[in-house]
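Shown next, in structure tokens, is the structure this report addresses.
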4 protein chains.
Amino acid sequence: MANRHGARNTEELIYRAAVGLMAARGYHGTTLRDVARAVSLQMSSIYYYFPSKQELLLAVMRRTTRDLRAAVEPPISAAGSVRERLGAGIRAHVLFHADRRLETLVTDSEIRALEGEGREEITALRDAYGDLFREVLETGLQEGVFSFEDSHVATNALMTMCAGVAVWYRPDGHTSLSRIADQLTHLYLDGVTASPPRQA
Amino acid sequence: MANRHGARNTEELIYRAAVGLMAARGYHGTTLRDVARAVSLQMSSIYYYFPSKQELLLAVMRRTTRDLRAAVEPPISAAGSVRERLGAGIRAHVLFHADRRLETLVTDSEIRALEGEGREEITALRDAYGDLFREVLETGLQEGVFSFEDSHVATNALMTMCAGVAVWYRPDGHTSLSRIADQLTHLYLDGVTASPPRQA
Amino acid sequence: MANRHGARNTEELIYRAAVGLMAARGYHGTTLRDVARAVSLQMSSIYYYFPSKQELLLAVMRRTTRDLRAAVEPPISAAGSVRERLGAGIRAHVLFHADRRLETLVTDSEIRALEGEGREEITALRDAYGDLFREVLETGLQEGVFSFEDSHVATNALMTMCAGVAVWYRPDGHTSLSRIADQLTHLYLDGVTASPPRQA
Amino acid sequence: MANRHGARNTEELIYRAAVGLMAARGYHGTTLRDVARAVSLQMSSIYYYFPSKQELLLAVMRRTTRDLRAAVEPPISAAGSVRERLGAGIRAHVLFHADRRLETLVTDSEIRALEGEGREEITALRDAYGDLFREVLETGLQEGVFSFEDSHVATNALMTMCAGVAVWYRPDGHTSLSRIADQLTHLYLDGVTASPPRQA
DNA sequence: AATGAATGAGAGTTCATTCAT
DNA sequence: GATGAATGAACTCTCATTCAT
């Protein structure tokens, strides 16, 4: 009874323990021993749920990347103007990175630890995700709403700035998540220079 | 002849090989065997120059962090207005991150791999460095030149955005380094929203 | 069948192999490779049973020191006069050193190889063991049965003389163990000088 | 000037440093690095004086074993009766072991660390030395002055008891060296049992 | 569903030793 | 007389992984 969802549960527990440890120490800095200890299992038991350490990492990355897209795409589509679309995208992106801090931390920084096909798979997913923003930016450029020289630079700047949230955000901080999202959106849209915010 | 500066040279070669490998695979993903192979030495020879792998990482971080500060502080001091000071700082920061890509990559992402006192030492240096920008931003806020809600958010956004350069910049790319610096400066000061650039 | 008690057995086999090698070559002169080879295991398998080489040595010393005390204390307590008590003690001490030659050899000569707390622990056990004899000797002195100047000298002389058995005793020698114990007892009690043995 | 005896001196310093370290940690527990550091030299410099670590150990053993014999043989020869001969031998043996504590400690306990011919050489020297005592004991037995069952047991007991001095003797102890020698001589000749000392 | 026992490769580190200078 | 630079083998220990139970 208590164990009806045993498998599912345990798999999830392993997943989370792995995420926590890899976020703190990196993939190579995390041992399956650590993971096993964190869930009070024997190391060999992990292999019942995940065929290898690589697959465990891959599972984290797959789920996180897909969830990220699923969280960000709808708001962008639902919004009206390019400006609103970009704002909605940034907001969703930031919120996700703060909400699922550890997973995005791992996903953003451990791609290099992926081997072979796994790396290609995840890289493709991430590129496709980046296109979401690139498209909005380029549309804005054509409409004359946005202004930048190089869409590559603009997109990368945007994504790394927002992804940074996962690095420095602390849930116990004094600034609410929603406010942080607002600030980053404003920052990217209008810069730090003082001026009557055009919209927000 | 070729070996007259044996020691100095070799130490430097090891340093660079380690930087390259750690930038690509991370600290834990890099073995001293790899480093040794890269410089055509026996693994044990590395210990003639560095007492441990940790100390090797520490050497990289110390040098890079100090050089970064030495590269960024003067331009900020030399500039006139807050706006110019911030611009000069961003520019120097970005140029350094592009110029010393591998070292900053390691330094930015492997602090977690540092142990004990080493971690505290480097963390202190990095915090002090961040203050350089925080001060400029806060001065600008008081002068009414800048506008933001939370200096912490603003500083972090700035630094992660710029540090991102080390992640995606490729020296062979089609956009020149100086142009990238300009774009990021503009982006952070005035945002993406199209508008008659106030200065640049 | 042969492997039903796998774990217990293997641990014991490792223990014995380690004892044999360390008795012959000393702690630092013995490698875990040697130990592993002696029990036909991979070196890494040793770590399933003992967390480190130090801990392996410690296990030997703990067991041997405790068993030694357990073997010597009862006979001393059971005997009547001081003279008999000392004789019983020497006898048990000698028999144990001959019986468990390799273990006592290691235990007597590798205390210096112990580190930190382990050393203190074993040293305390050994000191407590030495007190067993010191007490008998001092009681004999007070009763006027024994005569010596310095109980420290007398105790040390006794213990090193008897422990020496582990060094030179060979089970295949022509003198039986019991006779050796008798001789040493007589030697310590009455010396080499010819005389009608007072008791034995 | 200050360095006129440079070579001799340095060799002697290395010898002593090695003795001190090996007495404390054993041959295998002592590294040439330790030795070099103790005499403020580079490790490679040691090779100017000793061709290898083995030879260094051998040098210690050779010198000590020869000096021991040279210290013990004359007193035995000079003495009159067997009893006096044995007493003189024990006395000289004990004094030497206390006086040259560290060297005898190494010599007595590191024979197993010797390899090949070196081991045979030293073993032969030690056996010859042991004969000195065995002969006295056997003569005493024939003369009816001594009484023991097995000369092997008697000799070994004597030598290990006396050699033990090097283990527990502390120059700062409260008992003078000469008194210790007296006590051990008395102990071996007449035992602990209280009795009017026949001679001493 | 989970474990205990074992593996084999490879990690960082230390060692005695060499040799040109 | 002594060193600095390098070596290569060996060390202890840890890793991810396997598999019978």
Side-chain angles (χ1 to χ4, degrees), chain A residues 3 6-11 14 28-36 39-56, chain B residues 3-11 28-36 39-56, chain C residues 3 6-11 28-36 39-56, chain D residues 3 6-11 14 28-36 39-56:
Chain A
N3 217 17
R8 281 276 104 190
N9 260 347
T10 306
E11 183 174 336
I14 293 172
H28 290 298
T30 300
T31 78
L32 288 186
R33 231 179 210 83
D34 296 335
V35 177
V39 293
S40 300
L41 278 179
Q42 286 302 113
M43 226 199 325
S44 54
S45 305
I46 291 181
Y47 286 83
Y48 183 80
Y49 299 96
F50 298 93
S52 73
K53 195 186 173 190
Q54 265 286 308
E55 284 301 325
L56 181 45
Chain B
N3 217 18
R4 214 176 45 186
H5 299 298
R8 282 277 103 185
N9 256 351
T10 307
E11 183 174 336
H28 291 298
T30 300
T31 78
L32 288 185
R33 260 175 187 82
D34 296 335
V35 177
V39 292
S40 299
L41 276 179
Q42 285 295 115
M43 218 196 334
S44 55
S45 303
I46 292 179
Y47 285 84
Y48 185 77
Y49 298 95
F50 299 94
S52 74
K53 194 186 174 190
Q54 264 285 307
E55 222 44 59
L56 179 47
Chain C
N3 217 20
R8 281 279 102 187
N9 257 350
T10 307
E11 183 174 334
H28 291 299
T30 301
T31 80
L32 289 184
R33 250 179 195 82
D34 296 336
V35 177
V39 291
S40 299
L41 276 179
Q42 285 296 114
M43 218 196 334
S44 56
S45 302
I46 292 180
Y47 286 84
Y48 184 78
Y49 298 95
F50 298 93
S52 72
K53 193 186 173 187
Q54 264 286 306
E55 219 49 55
L56 180 46
Chain D
N3 218 17
R8 282 275 106 190
N9 260 347
T10 306
E11 182 173 335
I14 293 173
H28 291 299
T30 299
T31 77
L32 288 186
R33 232 180 209 79
D34 296 335
V35 177
V39 293
S40 300
L41 279 178
Q42 286 303 113
M43 227 198 324
S44 54
S45 305
I46 291 180
Y47 286 83
Y48 183 80
Y49 298 96
F50 297 94
S52 75
K53 195 186 173 188
Q54 264 287 308
E55 284 301 324
L56 181 46

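Letters A, B, ... are given to chains in the order of the sequence lines, protein chains preceding strands, and every chain is numbered from 1. FYI, side chains are in, hydrogens and waters are out, and symmetry mates aren't considered; it's all heavy atoms of this structure.
- Listed pair Q42(C) / dG8(E) meets the phosphate criterion, a side-chain N or O lying under 4.0 Å from OP1 or OP2.
- Phosphate proximity of dA2(E) to Y48(A): absent, as no side-chain N or O sits under 4.0 Å from OP1 or OP2.
- Here the OH-OG1 distance, from Y49(A) to T10(A), works out to 3.5 Å after rounding to the nearest 0.5 Å.
- Residues forming a side chain to side chain donor-acceptor pair (under 3.5 Å) with T31(C) (at least two apart in sequence, or on another chain): D34(C).
- A sub-4.0 Å separation between OP1 or OP2 of dA5(E) and a side-chain N or O of S45(C) is absent.
- By the side chain to side chain contact (heavy atoms under 4.5 Å, CB included) test, Q42(A) is found to be paired with S44(A), S45(A), residues two or more places apart in sequence or in another chain being considered.
- Residues H28(B) and G29(A) share a closest heavy-atom pair of CD2-CA, 3.5 Å.
- Counting only Watson-Crick or G-U wobble pairs whose defining distances are both under 3.5 Å, the stems of 3 or more consecutive pairs in DNA chain F are E:2-21 with F:2-21.
- When the C1' atom of dA1(E) is taken as reference, atom CD1 of I46(A) falls 14 Å away, rounded to whole Å.
- If S40(C) and R33(B) are placed on DNA chain E by their nearest nucleotide, the residue sitting closer to the 5' end is S40(C).
- No side-chain heavy atom of E11(B) sits under 4.5 Å from any side-chain heavy atom of Y48(B).
- Nearest-nucleotide positions on DNA chain F for L41(B) and H28(A) put L41(B) closer to the 5' end.
- Residue N9(C) contributes atom CG, which lies 11 Å from atom P of dA5(E) at whole-angstrom precision.
- What separates CZ of F50(D) from P of dA2(F) is a distance of 13 Å, to the nearest Å.
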Please tabulate, one pair per line, each protein N/O and nucleotide N/O from nucleotides 17-21 of chain E that are separated by under 3.5 Å, including the distance.
residue	atom	partner	partner atom	Å
dT17(E)	OP2	Y47(D)	OH	2.9
dT17(E)	OP2	K53(D)	N	2.8
dT17(E)	O5'	Y47(D)	OH	3.2

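- With sequence neighbours excluded, the residues forming a side chain to side chain contact (heavy atoms under 4.5 Å, CB included) with Y47(B) are L32(B), listed by chain and number.
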